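A short write-up of the structure that comes next.
We use all heavy atoms of the structure for the numbers below, so side chains are in, but hydrogens, waters and symmetry mates are not. This one's a predicted model, so the numbers in the text were calculated from it and none came from an experiment.
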Amino acid sequence: MDMLSFQLTRNQEKPLYEQLYQQIRNEIIAGRLAYGTKLPSKRKLGQFLNLSQTTIELAYQQLVAEGYVESISRKGYFVLAYEELAYVKTSPVIEPRVTKEKPIITYDFHPSKIEGISFPFARWRKYAKDIIDTDHHPLVSLGHPQGDLALREEIATYLYHSRGVVCSPEQIVVGSGVEQLLPLVLFLLGRDITYGIEDPGYHTTRLLLENHERMIEPIRVDANGLRIDHLQESNVDVMYVTPAHQFPSGSILSVNRRHQLLNWAAMDPTRFIIEDDYDSEFRYSGKSIPSLHNMDSNRVIYMSTFSKSLMPSLRIGYMVLPEVLCARYQTELSHYTCSVSRFDQTILTRFMKEGDFERHLNRMRKVYRRKLDVLIQSLRRIPALRLTGESAGLHVVVSVANGMTEPELVKRAQQQGIQVYGLSQYAQLPLLSGTPQIVLGFASLSEQELMEGLRLLMDAWDLHKSS
């Protein structure tokens, strides 16, 4: 080939060999250096451009490495065919995205959010510092696949005293939330199984089951919890329930229905109940509701997390397997490593062992109780509103009889900078109530924010004390 006059600038930050490589590459991509063209020898091109042969060598080797040219022994460097190039970088054409302008939200009544300001960061930081500063070299290695024994012992003790769950640490599996633990349960139970889910219910559970191609059948929920008569008429083999505080309706599974549900499971040895006890720590009236596992440990798979009691970002959950499934887990799934950092496990173990977890729960029950009182006092004076699910948890359900539909209620709230959530978005079956229902979470807002947010919400819905 004829010598090409490449424009090389010696005072640039970019090295000369890289400038040369880029300009030869651009000539190849543009087709001005055709397939089979022989590049000048390193000596000749170096003399022509007043560059060292080392600089030319570096540029040629980069072109070879990226497949723009090939080196043939004793012959030189030759341009490869354009279609033979492994990759040609082009500038993508980016179409401008047309997005709808989202309303600015000042008050978000999301049912899954918690308050962060009351978290005892000082104590958590102390335990984290102790672990990092002291001799904890074993924590850099993988621990037990079911989670560190010390943490499982603390969880077993806590469950016994708070929920009446009697289990050994060997039955507990620690993981980073229900999203990681539930697939393990699906493997243990097998594929040809129909899962019952509450309707309305927690949509993440439904999505997980669908993503794992499991058969699903929605079972209705009413004021007393799961409709056992509907369950008995179904083809369900495994029922997923939130009996202590049903999400999102807030109903509590009655004692009579608890016995009926356990009797349903006992009728067939392949039936199981998955009990999601996600926010049982927060109950504001009466005694704590016993867990289903407390009533029958052989048919109930107990699951819970520290998302509501501590913080969602901690990503630590756990499940208690019945003995029959525990044995199978240890045989077939022991190669699964625990998905939670051992440092986080150790910090949480210390936090529970020293009593900080229990003190934090007691403090947060009082904080959330005050917030719930603010919400109740603000809403119960409005005749068009009816509250349910206020005895436990971090959200309530409000029936709104002002003539608006559920979508209208949500939209009018957004126009005032308030985000609320319609009950229908958690349901697959048509809701039986003709009155629109809204799910209001209260945990993440301060008492002042709650009062102001609810005042604006009542204005958005044209509701006033005299209504």
Without swapping roles, check the side chain of [X] against the backbone of [Y] for a donor-acceptor pair under 3.5 Å.
{"X": "Arg227", "Y": "Arg220", "answer": "no"}
{"X": "Arg214", "Y": "His212", "answer": "yes"}
{"X": "Trp264", "Y": "Ile228", "answer": "no"}
{"X": "Arg386", "Y": "Val400", "answer": "no"}
{"X": "Arg271", "Y": "Ala265", "answer": "no"}
{"X": "Glu275", "Y": "Ser291", "answer": "no"}
{"X": "Arg206", "Y": "Ile197", "answer": "no"}
{"X": "Gln246", "Y": "Pro200", "answer": "yes"}
{"X": "Arg455", "Y": "Ser378", "answer": "no"}
{"X": "Gln171", "Y": "Leu321", "answer": "yes"}

### Task
May I have the step-by-step check of side chain to side chain contact (heavy atoms under 4.5 Å, CB included) for Asp148 and Arg152, ending in yes or no?
CA-CA 6 Å; Asp148 286 353; Arg152 287 184 284 129; over 6 Å; no

## Note on the structure
Which of Phe247, Phe282, Phe109, Tyr278 passes ring pair (Phe, Tyr, Trp, His ring centres under 6.0 Å) with His395? It is Phe247

Pair [X] + [Y], salt bridge at N-O below 4.0 Å:
{"X": "Asp344", "Y": "Arg315", "answer": "no"}
{"X": "Lys411", "Y": "Glu408", "answer": "no"}
{"X": "Arg257", "Y": "Asp222", "answer": "yes"}

Shortest non-hydrogen contact from [X] to [Y]?
{"X": "Ser297", "Y": "Pro322", "answer": "O-CB, 3.6 Å"}
{"X": "Pro269", "Y": "Arg299", "answer": "O-NH2, 2.5 Å"}
{"X": "Leu379", "Y": "Met458", "answer": "CD2-CE, 3.7 Å"}
{"X": "Asn235", "Y": "Thr194", "answer": "O-CB, 3.5 Å"}
{"X": "Leu181", "Y": "Gly317", "answer": "CD1-C, 3.8 Å"}
{"X": "Ser249", "Y": "Val221", "answer": "OG-CG1, 3.8 Å"}

Checking [Y] against [X]: is there a side-chain donor and acceptor pair closer than 3.5 Å?
{"X": "Glu198", "Y": "Thr242", "value": "yes"}
{"X": "Gln62", "Y": "Glu66", "value": "yes"}
{"X": "Asp276", "Y": "Tyr240", "value": "yes"}
{"X": "Asn294", "Y": "Tyr302", "value": "no"}
{"X": "Ser334", "Y": "Gln330", "value": "no"}
{"X": "Asn256", "Y": "Ser254", "value": "no"}

[X] [atom1]: over 12 foreign heavy atoms closer than 6.0 Å:
{"X": "Tyr336", "atom1": "OH", "answer": "no"}
{"X": "Tyr368", "atom1": "OH", "answer": "yes"}
{"X": "Glu213", "atom1": "CD", "answer": "no"}
{"X": "Lys126", "atom1": "NZ", "answer": "yes"}
{"X": "Asn211", "atom1": "CG", "answer": "yes"}

Is [Y] close to [X] at the side-chain level, that is, under 4.5 Å between some pair of heavy atoms?
{"X": "Gln419", "Y": "Val410", "result": "yes"}
{"X": "Ile219", "Y": "Ser234", "result": "yes"}
{"X": "Thr346", "Y": "Phe343", "result": "no"}
{"X": "Ile274", "Y": "Val238", "result": "yes"}
{"X": "Lys371", "Y": "Glu449", "result": "no"}
{"X": "Tyr127", "Y": "Glu354", "result": "yes"}
{"X": "Leu231", "Y": "Val236", "result": "yes"}
{"X": "Pro169", "Y": "Leu149", "result": "yes"}

Enter the distance from [X]:[atom1] to [Y]:[atom2] here, rounded to the nearest 0.5 Å.
{"X": "Glu452", "Y": "Ile418", "atom1": "CD", "atom2": "CD1", "result": "8.5 Å"}
{"X": "Arg363", "Y": "Ser118", "atom1": "CZ", "atom2": "OG", "result": "7.0 Å"}
{"X": "Arg342", "Y": "Ile131", "atom1": "CZ", "atom2": "CD1", "result": "11.0 Å"}

#### Entry: Test side chain to side chain donor-acceptor pair (under 3.5 Å) applied to Glu154 and Thr349, step by step
CA-CA 7 Å; Glu154 289 300 323; Thr349 301; over 6 Å; no

### Task
Report the C-alpha distance between Val173 and Leu333 in whole Å, list the side-chain angles of each, state the deciding distance to 0.1 Å, and finish with yes or no for side chain to side chain contact (heavy atoms under 4.5 Å, CB included).
CA-CA 11 Å; Val173 179; Leu333 295 178; over 6 Å; no

With a cut-off of 3.5 Å and sequence neighbours excluded, list every side-chain donor-acceptor pair involving residues 303-311.
from	atom 1	to	atom 2	distance (Å)
Ser304	OG	Asp277	O	3.2
Thr305	OG1	Ser307	N	3.1
Thr305	OG1	Ser307	OG	3.3

Just list the side-chain donor-acceptor pairs under 3.5 Å for residues 426-444, sequence neighbours left out, or say none.
from	atom 1	to	atom 2	distance (Å)
Ser433	OG	Thr435	N	3.3
Ser433	OG	Thr435	O	3.4

### Message
Before you tell me yes or no, could you show the steps for Met352 and Asp356 under side chain to side chain contact (heavy atoms under 4.5 Å, CB included), namely the whole-Å CA-CA distance, both residues' side-chain angles and the distance that decides it to 0.1 Å?
### Response
CA-CA 6 Å; Met352 297 180 75; Asp356 292 283; over 6 Å; no

## Note on the structure
side-chain hydrogen bond (donor to acceptor under 3.5 Å, both in side chains) with Asn362: of His360, Arg365, Arg359, only one passes, and it is Arg365

### Task
Go through the steps to decide whether Tyr195 and Asp237 satisfy the test side chain to side chain donor-acceptor pair (under 3.5 Å), and finish with yes or no.
CA-CA 6 Å; Tyr195 288 83; Asp237 304 297; over 6 Å; no

### Task
Would you mind telling me which of Val178, Ile172, Val340 makes a side-chain contact (heavy atoms from CB on, under 4.5 Å) with Tyr318?
Ile172

### Query
For His230 and Glu217, what are the C-alpha separation, side-chain angles and deciding distance, and is it a side chain to side chain contact (heavy atoms under 4.5 Å, CB included)?
CA-CA 11 Å; His230 289 197; Glu217 192 166 339; over 6 Å; no

### Query
Under the ring-ring contact (aromatic ring centres under 6.0 Å, His included) test, which residues partner Trp124, sequence neighbours left out?
Phe119, Phe351

